[in-house]
Amino acid sequence: MDTPKYICVSVGWPYSNGDLHLGHLAGAYLPADIFARYHRMKGNHVLMVSGSDTHGTPISLEADARGISPQEVFSHYHKRFLLSLRAIGASFDLFTHTDTENHHQIAQDIFSTLHKRNYLYTEKQDLMYSEKEKRFLPDRYVEGTCYICGFQKARGDQCDNCGNLLDATKLISPRNRNNPSDELVVRQSEHFFLDLSQTANELLAYLDKRQSAWRTNVVNFTRNLIKQGLDTGLRGRAYTRDLDWGVRVPVDGWDDKRIYVWFEAVNGYFTASVEWAKNHGSPDVWKKWWYNPDAEVYYFIGKDNVPFHTVIWPAMLIGISGMYNEGDSTPINLPYDVPANEFMNVEGQKFSKSNNWAVWVPDMVKAYQADAIRFYMTRSFPETSDSDFTWEGFFTRVNNELVAAWGNLVNRMLGFAYKRYDGVIPEPNGLTPADEAILAKVEAGFDTVGALIEKVRLKDALNEALSLVRDANAYLDGRAPWKSIKDNPEDTPKSVYTILRVIDNLKTMLAPFLPFSSQKVHEYLGYDGQLFGDLTIQTYQESTRAHEALTYDPAKAIGRWEKSQLKVGQALREPSALFIKLDPEVVEIERAKLGKPRIEEPLEGE
RNA sequence: GGUGAUAUAGCUCAGUUGGUUAGAGCGACGCACUCAUAAUGCGUAGGUCGUUGGUUCAAGUCCAACUAUCACCA
């Protein structure tokens, strides 16, 4: 067996200002989870981290709209994230949030380190200032007439009419969105900037090294972005903002500003890794992923986040290299791969929170089996281009592929074996060439499916596994144990034993995708123990406050990405249907909910 | 306006470095089978690959322009 690798699975941080929707699952959480589960079964050391983004304007806006504090907004949704993610089986070693003492402290240390090492500079910007509120207004709080198309209700950051990004200070007759009588003036404000020009060439060289493995759109996009910056002399991007909700700028006299949410949120991968190590009583183990040249750090994100993960965060990593690791010259790891997914639309239209054109994870996990959701999502992952979630597709794929091909194969043959052989795996007394052939074909899947998962081609990987399921069905059709048991009973145990072992192999191969049902198959086959570890919600106490997090405990996991060694004589457990077949009505019922106001239902455990 | 990506059978998508009759799953149609949640297997019919123009002995696969969609940025 190969030496175990250290694999860090970093997953994008969602704003906790609303429930998770299917776009979150398709873009980041499910691909990351499949990838992580596979590597755990391979025996590698996986650290999968993410958390709620608790800062930023979206949280403040939601809080203002509801008349509650930002804390109340983010804790409410953070709790719902934890419950939703646990229900869908997202096996985070740590899903925390950004309002922990740990995160604040490290984000500030990162800022200070960059500051001390001269990667930062300051510059004055023109910004909209409210005389009444005595503060600078975030762009999204400003409204006015678009200076490009003349639309009267353009937002400060973007015009909803012409789609152009705007400069809030140039809006014609600007007003405060929350207070139209307010007087707005343009004022100068000083800010810190991250000097990207210092790290550009090192990053380009790094890209050259990794480009063959990265997705073409990610590489090309990143390279051009960096080059554009160099060509146009754009040195950097603002690291601070005029806000009061966020991580404080660790510089004297900057009390009225905060670190820009995007900059501290990407620090989260690092801060969460450190937190995980602390929580486990070995505060230095995070270095096995971050300061180990053989470790691989992956970032699972949506395409809108690419620049932050391939330009800004790597620039910061170069800048802080050696931090918390004094006396050791090993550089900190840059992203090994950033397998960004495109977007998943819903019934042909873009996701929209305000119009409720969305499918929400809490609603999904209440109504449908987690593996059914995971199956259809994986079949539709937007790996190369935007994809479409349709209820018709969900219905047909689940019923005709998951239930019919795989669920039914398991159900019919485990049932057959259980009934005909007194609940015990029969002794085959040698196998026929056809039996050997199907076993060899299925076993070869461990290499082909595994290789695809390692390349993060998860759709292809699942397709490959499914085609083995079809091969198994075809094999069964040829061997027909239900027939041989009547006219050639000595032959029957051979095909029954073979198909049980084939099912055992397929259950392992499908486990990263369908962990819940694979566990069931595992038990039906008479095995004890869990393929994967336990996913629980824990409370962690810091010096002044406590927070809840989702955490994966691998202690009980026995699942291995290895060929079945199914034992003759092992007692089976009585099987029942693996999956629930969907009623055709769900298509119309679910479609009817789109675009209509949604009532947020409490989740079990909330 | 700039940069990147996407556009292939009714639907959802594959198509590595250009090369004989463009692939898969689902759906449709036909046949077989009955162990199974009417599930499974076999077979058939369906595309000239967004548009236009190039390079080449040869292009879905390279180049240019254009159109549409998505993302990021100014």
Side-chain angles (χ1 to χ4, degrees), chain A residues 23 27 148 157-158 162-167 170 212 214-229 231-232 234 237 262 301-312 340-345 348-351 376 378-390 392-420 452 455 457 459-460 462-464 466-467 469-486 492 495-496 499 575-583:
Chain A
I148 294 171
D157 54 342
Q158 188 171 26
C162 66
N164 283 298
L165 296 186
L166 303 177
D167 179 344
K170 291 189 193 159
S212 59
W214 286 26
R215 294 182 178 174
T216 52
N217 59 338
V218 177
V219 177
N220 294 344
F221 186 60
T222 301
R223 177 173 286 121
N224 274 300
L225 211 58
I226 298 172
K227 282 187 175 160
Q228 237 180 357
D231 294 347
T232 57
L234 278 178
R237 298 210 27 199
W262 266 108
I301 55 165
K303 65 174 168 182
D304 54 330
N305 289 347
V306 169
F308 282 97
H309 293 79
T310 61
V311 180
I312 292 171
N341 268 1
E342 307 287 306
F343 282 3
M344 181 176 258
N345 296 318
Q349 287 181 44
K350 276 170 75 171
F351 158 83
Y376 176 61
T378 306
R379 293 285 279 152
S380 313
F381 275 162
E383 287 180 348
T384 50
S385 63
D386 288 358
S387 67
D388 200 22
F389 177 97
T390 66
E392 179 74 38
F394 178 66
F395 169 77
T396 47
R397 287 241 130 106
V398 168
N399 281 3
N400 299 335
E401 296 178 9
L402 182 64
V403 178
W406 171 235
N408 187 51
L409 170 67
V410 172
N411 193 33
R412 66 205 278 227
M413 279 303 113
L414 281 171
F416 187 89
Y418 188 81
K419 272 180 275 179
R420 304 295 182 131
L452 288 167
K455 287 187 211 151
R457 292 175 55 179
K459 257 163 86 158
D460 286 347
L462 179 57
N463 284 345
E464 188 66 28
L466 276 183
S467 106
V469 170
R470 286 185 204 101
D471 290 337
N473 275 320
Y475 156 83
L476 209 52
D477 205 63
R479 299 284 278 118
W482 50 89
K483 208 166 150 190
S484 71
I485 203 159
K486 290 173 195 155
T492 315
S495 62
V496 171
I499 198 67
S576 60
L578 267 190
F579 303 108
I580 298 165
K581 194 165 180 179
L582 298 173
D583 192 303

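Residue numbering restarts at 1 for every chain, and letters A, B, ... go by the order of the sequence lines. These numbers come from a predicted model, not from an experiment.
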Rounded to whole Å, CD of A:Glu464 lies from P of B:rG23 at a distance of 18 Å
What pair of heavy atoms forms the shortest contact from A:Val219 to A:Trp214, and how long is it? CG2-CB, 3.1 Å
Rounded to the Å, how far apart are A:Leu402 CG and B:rG25 C1'? 14 Å
Specify the separation, in whole Å, of atom CG of A:Asn305 and atom P of B:rC73. 10 Å
Given that A:Val469 and A:Glu401 both sit by RNA chain B, which one's nearest nucleotide is further toward the 5' end? A:Glu401
How far does the C1' atom of B:rU56 sit from the matching atom of B:rG47, given to the nearest Å? 25 Å
Considering only atom P, compute the distance from B:rA74 to B:rU69 and round it to an integer number of Å. 23 Å
Reckon A:Asn220 has a side-chain N or O less than 4.0 Å from the OP1 or OP2 of B:rA5? yes
Taking all atoms of both residues into account, what is the closest heavy-atom pair of A:Lys459 and A:Thr378, and its distance? CG-O, 3.0 Å
Can you tell me the distance, in whole Å, between the OH atom of A:Tyr376 and the P atom of B:rC26? 15 Å
What's the shortest heavy-atom distance between A:Ser484 and A:Thr492, and which atoms? OG-OG1, 2.7 Å
When you compare B:rU8 with B:rC49, how far apart are their C1' atoms, in angstrom units rounded to a whole number? 4 Å
Distance check, C1' atoms only: B:rA24 and B:rA9, in whole angstrom units. 11 Å
Reading RNA chain B 5' to 3', how would its secondary structure be written in dot-bracket notation, given Watson-Crick and G-U pairs with both distances under 3.5 Å, brackets [ ] for crossing pairs and | for partners on other strands? (((((((..((((.....[...)))).(((((.......))))).....(((((..]....)))))))))))).
Is the ring pair A:Tyr376/A:Phe394 parallel, tilted or perpendicular, if the boundaries are 30 and 60 degrees? perpendicular
A:Arg237 and A:Val311: side-chain contact (heavy atoms from CB on, under 4.5 Å), yes or no, with the steps? CA-CA 11 Å; A:Arg237 298 210 27 199; A:Val311 180; over 6 Å; no
Each nucleotide of nucleotides 27-37 of chain B classed B (base within 4.0 Å of a protein heavy atom), S (only sugar-phosphate) or -, in 5' to 3' order, makes S-----SSBBB
Are any side-chain N or O atoms of A:Ser380 and backbone N or O atoms of A:Phe389, one a donor and one an acceptor, separated by less than 3.5 Å? no
Between B:rG50 and B:rA39, how far apart are the P atoms? Round to whole Å, please. 36 Å
Please list, pair by pair, any protein nitrogen or oxygen found under 3.5 Å from a nitrogen or oxygen in nucleotides 63-65 of chain B.
none

Out of B:rG25, B:rC42, B:rC13, minimum distance to the side chain of A:Ala474 belongs to B:rC42
Yes or no on side-chain contact (heavy atoms from CB on, under 4.5 Å) for A:Asn305 and A:Trp262, after CA distance, side-chain angles and deciding distance? CA-CA 10 Å; A:Asn305 289 347; A:Trp262 266 108; 2.9 Å; yes
Distance between the P atoms of B:rU6 and B:rC63, in whole angstroms? 12 Å
Non-hydrogen atoms of A:Val496 and A:Pro481 that approach each other most closely: CG2-CB, 4.0 Å
Dump every N/O contact between nucleotides 67-70 of chain B and the protein below 3.5 Å, one line per pair.
unit_1 : atom_1 : unit_2   : atom_2 : d
B:rC70 : O2'    : A:Lys303 : NZ     : 2.4
B:rC70 : O2'    : A:Asp386 : OD2    : 3.2

Please give, in whole Å, the distance from B:rC73 C1' to A:Arg237 CZ? 8 Å
Which nucleotide, B:rU40, B:rC13, B:rG2, lies nearest any side-chain atom of A:Lys459? B:rC13
How far, in whole Å, is B:rC13 from B:rU17 if one measures between their C1' atoms? 23 Å
Atom pairs and distances, donor-acceptor, side-chain atoms in residues 400-407 of chain A, under 3.5 Å, two or more places apart:
unit_1   : atom_1 : unit_2   : atom_2 : d
A:Asn400 : ND2    : A:Thr396 : O      : 3.4
A:Glu401 : OE1    : A:Arg379 : NE     : 2.8
A:Glu401 : OE1    : A:Arg379 : NH2    : 3.0
A:Glu401 : OE1    : A:Arg397 : NE     : 3.3
A:Glu401 : OE2    : A:Arg379 : NH2    : 3.3
A:Glu401 : OE2    : A:Arg397 : NE     : 3.0

Please, which pairs that meet salt bridge (charged side-chain N to carboxylate O under 4.0 Å, His left out) have at least one residue in residues 215-224 of chain A, sequence neighbours excluded? A:Asp208-A:Arg223
Same-atom distance (C1') from B:rA59 to B:rU48, integer angstrom: 12 Å
Is the side chain of A:Asn399 donor-acceptor paired with the backbone N or O of A:Leu582 at a distance under 3.5 Å, no angle test? yes
When you look at A:Arg412 and A:Trp482, which way does the side-chain contact (heavy atoms from CB on, under 4.5 Å) test go after all the steps? CA-CA 11 Å; A:Arg412 66 205 278 227; A:Trp482 50 89; 3.9 Å; yes
Between CZ of A:Arg223 and P of B:rA5 the distance, given in whole Å, is 11 Å
Could you check how far CG of A:Leu462 sits from C1' of B:rG25, rounded to whole Å? 11 Å
For the side chain of A:Asp388 and the backbone of A:Gly348, is there at least one donor-acceptor N/O pair under 3.5 Å apart? yes
d(CG, A:Asn399; P, B:rA39) in whole Å: 8 Å
Could you check if the base of B:rG60 is syn or anti? Syn means the glycosidic torsion is within 90 degrees of 0. anti
Begin from the C-alpha positions of A:Phe416 and A:Ile485 and carry the test side-chain contact (heavy atoms from CB on, under 4.5 Å) through to its verdict. CA-CA 11 Å; A:Phe416 187 89; A:Ile485 203 159; 4.2 Å; yes
